[in-house]
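Numbering of ligands and ligand atoms starts at 1, following listing order.
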Amino acid sequence: DLQTIRVDRDPEGHDRVVLVTLNRPKALNALNTELMTELTHTLGELDADPAVGAIVITGSPRAFAAGADIKEMAEQTFADVYTGQWFGAWDTLAGVRTPLIAAVAGYALGGGCELAMMCDILLAADTAVFGQPEIKIGVIPGIGGSQRLTRAIGKAKAMDMCLTGRNMDVTEAERAGLVARIIPADELLEQALAVAATIAGMSKPVTMMAKEAVNRAFETTLAEGVRFERRLFYSTFAMADQREGMKAFVEKRPASFQHR
Ligand code: HXC
């Protein structure tokens with residue numbers, strides 16, 4: 001009964017992978033309340049499911065998402081957005097512990113760029129365009145754009161984008177460190193699913209730890225981050241997957257993890 005997103009489990013036979021497709025193509029996947037509610041609720045459920053090893057979020061060839069729904073926001077007052085905790089539900093998404101892959105083609109603007117940046121690996125088609133154009137409609141980014149963009153690409157380019165509202169093409173975005181890989185548009189989904197399948201074939205708790213450790217780099221000092229990593233590293237030796245992974249290497253065969 002989902003209206004604004006589609007959810008495919010094990011797409012194209014990829015075990016333990018889920019594909020979530022934003023599905024408001026006529027509005028270029030503008031993120032209205034219904035879509036945000038469906039997306040955050042669905043991702044919360046998938047995150048709690050041990051049978052899910054990795055999640056791909058994608059849009060249409062023309063737009064990953066062209067931002068928060070401006071038509072819906074246009075009439076809101078300060079009191080509406082403040083008391084209603086507008087965009088607060090997105091925090092659920094930042095708390096998802098299962099690896100998330102954004103497969104971006106076309107426009108990823110405003111909230112669309114922010115959604116892509118909340119994912120762990122950003123894969124982009126050669127058609128992808130990124131921007132934080134909120135300034136042009138009299139607001140600023142509201143779902144973490146000013147913070148995550150600055151951490152991803154540095155102050156110089158983040159200021160340029162947030163103050164002028166200009167877009168970045170995929171080449172600039174990759175060079176600046178926003179995008180992990182550029183992929184020909186007609187191969188984007190196939191390659192994103194393959195990346196997700198690779199991750200989903202690893203030990204689930206260990207992928208979660210790797211994600212947690214990398215994310216900690218944005219929250220703490222280097223010394224504390226290294227201590228955090230070391231504790232997680234030691235704890236991997238408490239699981240059968242560590243023994244299986246190393247035994248498989250020694251025996252020159254692929255590892256078969258328990259995914260506990
Ligand atoms: C609502 C949107 C929309 C949006 C596009 N549409 N973006 N509707 N909210 N963010 C709708 C259009 O109204 C139109 O529907 C249809 O999608 C196709 O869009 P067009 O503009 O006709 O397409 P095109 O000429 O190709 O231009 C594409 C575009 C442009 C460059 C992406 O649509 C655009 O600039 N969109 C807005 C981008 C933006 O400012 N995003 C940031 C939003 S603010 P109809 O039915 O009218 O033909 C944001 C803030 C988060 O995200 C936090 C703030 C507090």
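In this structure, R216 forms a cation-pi arrangement with F228, its terminal cationic atom sitting closer than 6.0 Å to the ring centre and no more than 45° off the ring axis.
No donor-acceptor distance shorter than 3.5 angstrom exists from the side chain of D241 to the backbone of V206, with no hydrogens or angles considered. Under a 3.5 Å cut-off, the side chain of T98 and the backbone N or O of A54 do not form any donor-acceptor pair. A donor-acceptor pair under 3.5 Å is formed between the side chain of T207 and the backbone N or O of K204.
Distance check, rounded to the nearest 0.5 Å: CZ of R231 to OG1 of T236 gives 14.0 Å.
Geometrically, ligand 1 and I70 share a nitrogen or oxygen pair separated by less than 3.5 Å. Among the atoms of Y107, none of the N or O lies under 3.5 angstrom from an N or O of ligand 1. Checking only distances, E114 never comes within under 3.5 Å of ligand 1, N or O to N or O. Checked by distance only, ligand 1 and G111 come closer than 3.5 Å through their nitrogen or oxygen atoms. Where the criterion is an N or O separation shorter than 3.5 Å, residue side chain and backbone included, A66 meets it with respect to ligand 1.
When each atom of ligand 1 is checked for a heavy atom of G110 under 4.0 Å away, the hits are 42 (C), 52 (O). Applying the 4.0 Å criterion to heavy atoms of P133 picks out, from ligand 1, the atoms 39 (C), 40 (O), 41 (N), 42 (C). Interface of D69 with ligand 1, defined as ligand atoms under 4.0 Å from a residue heavy atom, comprises 1 (C), 9 (N).
In A68, the parts holding a heavy atom less than 4.0 Å from any atom of ligand 1 are both the side chain and the backbone. Counting heavy atoms closer than 4.0 Å to ligand 1, residue Q76 contributes nothing at all. Residue-level proximity to ligand 1 for W86 is absent, since no heavy atom of it falls below 4.0 angstrom. Residue contacts with ligand 1 for K26 involve N, CA, C or O but no side-chain atom from C-beta outward (heavy atoms, distance under 4.0 Å).
Shown here, atom 10 (N) of ligand 1 is in close reach of the protein: a heavy atom of it lies under 4.0 Å off. Per-atom contact check: atom 51 (C) of ligand 1 touches the protein, criterion being a heavy-atom distance below 4.0 Å. Taking a distance limit of 4.0 Å, we find that atom 25 (O) of ligand 1 is approached by no protein heavy atom. Per-atom contact check: atom 22 (O) of ligand 1 does not touch the protein, criterion being a heavy-atom distance below 4.0 Å. For atom 47 (O) of ligand 1, a protein heavy-atom neighbour is found at a distance under 4.0 Å.
The aromatic rings of F78 and Y82 sit parallel, their planes meeting at an angle under 30°, below the 60° perpendicular limit.
In terms of protein heavy-atom proximity, atom 2 (C) of ligand 1 is closest to A27 O, 3.9 Å. The protein heavy-atom contact nearest to atom 3 (C) of ligand 1 is A30 CB, 4.0 Å. Looking only at heavy atoms of the protein, atom 55 (C) of ligand 1 is closest to F87 CE1, 3.5 Å. In terms of protein heavy-atom proximity, atom 53 (C) of ligand 1 is closest to G142 N, 3.2 Å. In terms of protein heavy-atom proximity, atom 44 (S) of ligand 1 is closest to I137 CD1, 3.6 Å. In terms of protein heavy atoms, atom 30 (C) of ligand 1 is closest to L28 CD1, 4.7 Å. For atom 35 (O) of ligand 1, the closest non-hydrogen atom of the protein is L109 CD1, 4.7 Å. With hydrogens left out, the protein atom closest to atom 13 (O) of ligand 1 is K71 NZ, 3.1 Å, a heavy atom.
Closest of all the heavy-atom pairs between A103 and T58 is O-OG1, 2.8 Å. In terms of heavy atoms, A68 sits closest to F87 at CB-CZ, 3.6 Å. Residue N29 comes nearest to N23 through the heavy atom pair OD1-N, 3.5 Å, listed as atom of the first residue, atom of the second, then distance.
Side-chain polar atoms of T33 and E72 form a donor-acceptor pair below 3.5 angstrom.
More than 12 heavy atoms of other residues, nucleotides or ligands sit less than 6.0 Å from atom CZ of R166. In the displayed structure, E251 atom CD is contacted under 6.0 Å by more than 12 heavy atoms of other residues, nucleotides or ligands.
The shortest separation from a heavy atom of R62 to ligand 1 is under 4.0 Å, placing the residue in contact.
Of the listed options N32, I140, V129, I140 places a heavy atom closest to atom 54 (C) of ligand 1.
Put simply, the residue from M161, R148, Q132 that forms a side chain to side chain contact (heavy atoms under 4.5 Å, CB included) with P141 is Q132.
A salt bridge links E172 with K157; the closest basic N to acidic carboxylate O contact falls under 4.0 Å.
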Dump the intermediate steps for side chain to side chain donor-acceptor pair (under 3.5 Å) on T4 and E34, then the final yes or no.
CA-CA 7 Å; T4 60; E34 188 181 17; 5.3 Å; no
Name the atoms and distances for all side-chain donor-acceptor pairs under 3.5 Å in residues 182-197, with sequence neighbours left out.
unit_1, atom_1, unit_2, atom_2, d
E187, OE1, Q191, NE2, 2.8

